[in-house]
Every structure is written in C-alpha cells, then in structure tokens.
Protein chains: 2
Amino acid sequence: MPPSRPTRDPATPLREAILQEARTLLESGGYAALSTRRIASAVGCTATSLYLHFKSKDSLIYALIDEGFEELNRRVLDVSRGEGDALHLLRDVAGAYVAFGLERPEYYEIMFMLRAEQMERYPVDAYRRARRSLEVFAELTALPAEEAARRGAIVWSTLHGLVSLLIAQRIDISLDRSALIQDLIHSAGLGAFAALPSGANRT
Amino acid sequence: MPPSRPTRDPATPLREAILQEARTLLESGGYAALSTRRIASAVGCTATSLYLHFKSKDSLIYALIDEGFEELNRRVLDVSRGEGDALHLLRDVAGAYVAFGLERPEYYEIMFMLRAEQMERYPVDAYRRARRSLEVFAELTALPAEEAARRGAIVWSTLHGLVSLLIAQRIDISLDRSALIQDLIHSAGLGAFAALPSGANRT
DNA sequence: GCCTTACAGTTTACGCTGTCAACCTGGAAT
DNA sequence: ATTCCAGGTTGACAGCGTAAACTGTAAGGC
C-alpha cells in the first residue's frame, strides 16, 4: 500500500511548500505581504506549523534573502568574468547590480532595505558570504586592499542609493530613468577610479 | 475657583504631549518603537485619544517627518549660503546632509527609509515642499534645468546610499568611516560637475 | 437657572500580528 | 502489542491600529 500520505502532496513537503508560498507573497506584495498566517492558510496548514520548519518568521525570510543573494551573485559574477578593461567591466557589473534591484525590488527590499533591528539575528558570517558580489566592486579597482575596500564601498553606496530611492519611489518621476541610471553608473566608475584626495589611483 | 483642569497638565495640551512623547520614543528606539498604545500610556491617555488629534498613526509620523525636514532644510540651506565656489559649496552641503543623517538616524529613517506603501498617504506636494533642501544639489550645478535635476538626483542618490547603508549597519565596520565619507563626498562632487557622456559640464 | 450643543476623552470591540505550550495522531521500531 | 516520535493541530497570550459607542464637562442661548 502507498505510504499513507497526509492531506498535502508529499512531492512538495511542507517546508518547500511554505517557502514557495512565501516567495509568491513576497513577489506579489513585498515584505509587508508576508505573514505567517497568510502563508499558512495559502499552503493549507496552521500558522504554528511554520515553526516546525523555521525557527521564526525571520529565519524564513533569511531563506528568501539567501535566494536573493544567490541570484544577485550569479548575475554579478557572470558579468564580472566578461571581457574588457576594468572600467568597462565595472560599469557592466554596476549595470547588473542596478538591473537586479529594479527587476526584483521585493528581494532587494528584504536584502538591503530592512532596518537593522529587524535583521539582528541574521548571522554575520552568512551575511558576509552572501554579499560576495559586492566585493567585485573592490576587486576590479586593482588597488591595495584597504583602498580597494573603500572604493568598493563607495561604488556600492552610489548604486544602492539610486536603487533604493527608485524602489521607494522617491525620485522625481519626471526624470528620465534610464538616463539617470546611465549617468549614475558612469559616476560610480568615477568614484572607483578617479583621483581622490586620499591617494593611489589612476585618472 | 480654577477652571477645573483635567487630570493632565493643561500647559501641554494632549496633542503636543503626544507629539513630544512620539519624538522621545522615536529618538530612543527608532520607527519600530512607535506604537499608539505605547505613546498613549506614556502620556497618560488611551490609545484611541490619539485619533482625536491625528487622523491616523501615519499622520502623526508625518508630523515628525516634517520636523525632520525642517531641521535638514535649516542645516543645508544655512551651509548653501556660505562662501566659495560651487564645488566647495556643494561639498559643504553634502557634508551637512550626511551629518544630519548620521546625527539623527531615527529621523532619517522615517524621512527616507520607509517603504513606499507605508508612505502612500503622505501628500505629494507636502513631500516636494519638504524636500526643498534636495534641490540645492541641483541648483549648485548651475546647469540647464533638466541636466541640473539629473545631476542633483545623482548627488542625492550617492549621499543617500552611504547614509542609509551606514545607518542600517551594512558597511564593513573595519573601514575608516570618516575617510569613507570624505571620499564619497568628493565622489559626489565628481558626479555633479565632472564630464558625463550626456553633455554640458565643466571639468 | 435650565437646556442644548460641542468637545475631549474613555470603554469596548474587531481583526490582525508573531509565537509558545499543550495536545493529538498515524506510522515505524522494538 | 506497545512504545516512541515526527509532524501536525488547538488554544492561548500579548501586542498592534483603529472604528463605534458612550460619558463627562464646559460654554452659550433663553
């Protein structure tokens, strides 16, 4: 006889079903749409069942964040292995970063726009590993480690500023979006390679 | 006989007392610490009394946001009226913006870091008026309106990126914070004045 | 002096949230 | 046959924003 299935399809065990529903809700309504009870009722179980598979709601969200970083890393690292000089590569990488943010704003939101106290329990080392793609900005500068790290952070800040303001709809809509993005990516290149007061660089 | 005071000190009518307590809670615990019930119990009234003076919790927060913009505008406009060439003025203004963000992170949070759907009801024109200081970035470039607006948005994005990542504690703490800020402000100057592919500019 | 009106607050309640403790239940192992 | 346990459920708790109904008090008009 078949191994006695529960009411749910065993091909998608509960944990995966919960994750899948969380993805759907996130993509359709952003972070605000994620609630344990809503997930549970869509999946066909009770809210507390969620805690059999995830330590907390936060840790469920961390799983989604990980998925987001996986995609971001894939996109960025793909592009970073392309051809061309460092400046053009950096612009391509920057473009890939911005594209990810604008194409998957809900993922970007939980990855980079949640307030710190809501992220407290996200393991620091996991976060560092997850942010792998951000190091690419630094590496492309080919500067000494500390200088490179600073330039990388500057590039990241620059891109993050635009992406988060666009997602939050704070930028004047009368501005030509793609021109703005182009200019800013160019500007990020300047931030990475142009002469800064602090030292080593090339024009 | 005295005009029969209610249990509360009439010198600070309820609306002001609520605002004051909201300020205190915001400054001590950020947006997450703001709850109608917590405010009410600290003030000595019920949660629903709040709705006699504010349309909703959101509109109470808008009042705080307005206060934040008032301070930001004061700081930025003060500096923008200083002496020096446009580039140095822009760096001073950028410095003032960043300083505000880092010195009043809880205000910065509700002003610029809340997700869009939570801000939906903030009147668009009020928001435009509130953001007066952001136009300074554009004005200092002394470029044709459209180009200036784009450059201004780029500068703002750049600064916002750094401030929001610092506030959210996403930037590697091993980096020298003030050097980073210096570099980024320099970089924002480049974004405003350097040659971009799109046209009019000066070195 | 009495009645009306308006205001300023409270009580109560609704539906929502994340989470915990206790309970149940069906199948596998002893 | 009995025990054990993983995987679920029920019920509850404390908190949230907010709407409706109620209460007490002050001021104004007659």
Do S56(A) and D58(A) have side-chain atoms, one donor and one acceptor, less than 3.5 Å apart? no
Taken to the nearest whole Å, OH/Y62(A) to C1'/dG18(C) is 14 Å
Between CD1 of I39(A) and C1' of dC16(C) the distance, given in whole Å, is 15 Å
Whether over 12 other heavy atoms sit under 6.0 Å from E21(B) CD: yes
Could you tell me how far apart K57(B) (NZ) and dG15(D) (C1') are, to the nearest whole angstrom? 12 Å
Check the distance between dG7(D)'s P and H53(A)'s NE2 and give it to me in whole angstrom. 7 Å
Regarding the side chain of T46(B), the nearest nucleotide among dT18(D), dT19(C), dT10(C) is dT10(C)
Once you round it to whole Å, what is the distance between C1' of dG17(D) and CG of L50(B)? 10 Å
Rounded off to whole Å, could you give me the CZ-to-P distance for the R38(B) and dT18(D) pair? 16 Å
S49(A) vs dG7(D): side-chain N/O to OP1/OP2 distance below 4.0 Å: no
How many Å lie between OH on Y51(B) and P on dT12(C), as a whole number? 19 Å
The side chain of R37(A) lies closest to which of these nucleotides: dT9(D), dT18(D), dT19(C)? dT19(C)
Are S35(B) and dC16(D) close enough that a side-chain N or O sits under 4.0 Å from OP1 or OP2? yes
Reference residue L180(A); test side chain to side chain contact (heavy atoms under 4.5 Å, CB included); the match among I185(A), D172(A), I171(A): I171(A)
Are Y107(B) and E27(B) linked by a side-chain donor-acceptor pair shorter than 3.5 Å? yes
Check the pair E70(A) / R74(A) against salt bridge (charged side-chain N to carboxylate O under 4.0 Å, His left out), numbers first and verdict last. CA-CA 6 Å; E70(A) 215 168 305; R74(A) 183 167 40 71; over 6 Å; no
From the list dG18(C), dG9(C), dC20(C), which nucleotide is the closest neighbour of the side chain of T48(A)? dC20(C)
Of dG8(D), dG9(C), dG18(C), the nucleotide closest to the side chain of L52(A) is dG8(D)
Between dG17(D) and T36(B), is there an OP1 or OP2 to side-chain N/O distance shorter than 4.0 Å? yes
Indicate, with a heavy-atom threshold strictly under 4.0 Å, whether L34(A) touches base, sugar-phosphate, or nothing. sugar-phosphate
In whole Å, what is the span from the CZ atom of F54(A) to the P atom of dT19(C)? 13 Å
Heavy atoms only, 4.0 Å cut-off, all strands: where does L60(B) land among base, sugar-phosphate and nothing? nothing
